[in-house]
Amino acid sequence: MNAPIPMCRACREPIEDPDDTVRLGHEEGNSGPGWNIHAHRAHIDRTGPDSVAAVTGPALAVVPARIPG
């Protein structure tokens, strides 16, 4: 069985060459183990947090809980 080919966080293209892969971190999953974040060596300076997580994460932290009653 072959290992999955990592995708670059910056350009969203597959990273075919294992020597060109840089592991940037790990994102936790809601219903599973999560996934590793990779980038091409040339794209390390262009990567950042996922835009959806960066926008919704802080917004969800400040939403007050709705308690019926």
Side-chain angles (χ1 to χ4, degrees):
M1 183 172 173
N2 295 334
I5 297 174
M7 300 293 286
C8 179
R9 171 56 66 94
C11 70
R12 306 288 190 208
E13 295 290 327
I15 307 172
E16 303 282 344
D17 183 7
D19 294 331
D20 191 27
T21 302
V22 176
R23 184 176 179 267
L24 301 175
H26 182 82
E27 285 187 359
E28 295 295 326
N30 288 335
S31 62
W35 51 90
N36 292 326
I37 304 166
H38 296 88
H40 290 104
R41 289 193 183 276
H43 298 160
I44 293 172
D45 59 341
R46 296 185 351 194
T47 60
D50 188 30
S51 59
V52 173
V55 171
T56 59
L60 292 175
V62 296
V63 174
R66 303 279 180 188
I67 301 173

>> Tell me every residue that passes side-chain contact (heavy atoms from CB on, under 4.5 Å) with Asp45, counting only those two or more places apart in sequence or in another chain.
In response: none
> Do you know which two heavy atoms are closest between Ile15 and Ala39, and how far apart they sit?
Replying inline: CD1-C, 3.5 Å
>> If hydrophobic clusters are built by linking Ile, Leu, Val, Met, Phe, Trp and Tyr wherever their side-chain heavy atoms come under 4.5 Å apart, do Ile37 and Val22 end up in the same one?
In response: yes
>> Test of understanding: with side-chain hydrogen bond (donor to acceptor under 3.5 Å, both in side chains), list the residues that count as partners of Asp20, not counting sequence neighbours.
In response: none
>> Restricting to side-chain contact (heavy atoms from CB on, under 4.5 Å), what partner residues turn up for Glu16, sequence neighbours left out?
In response: Ile5, Pro14
> ring pair (Phe, Tyr, Trp, His ring centres under 6.0 Å) with His38: which residues, sequence neighbours excluded?
Replying inline: none
> Which heavy atom in Trp35 sits nearest to a heavy atom in His26, and how many Å separate them?
Replying inline: O-ND1, 3.2 Å
> What residues form a side-chain contact (heavy atoms from CB on, under 4.5 Å) with Ala10, not counting sequence neighbours?
Replying inline: Cys8, His43, Arg46, Thr47
> If every non-hydrogen atom of Arg9 is compared with every non-hydrogen atom of Glu27, which pair is closest and at what distance?
Replying inline: NH2-OE2, 2.8 Å
> What are the two closest non-hydrogen atoms of Glu13 and His40, and how far apart are they?
Replying inline: O-CE1, 4.2 Å
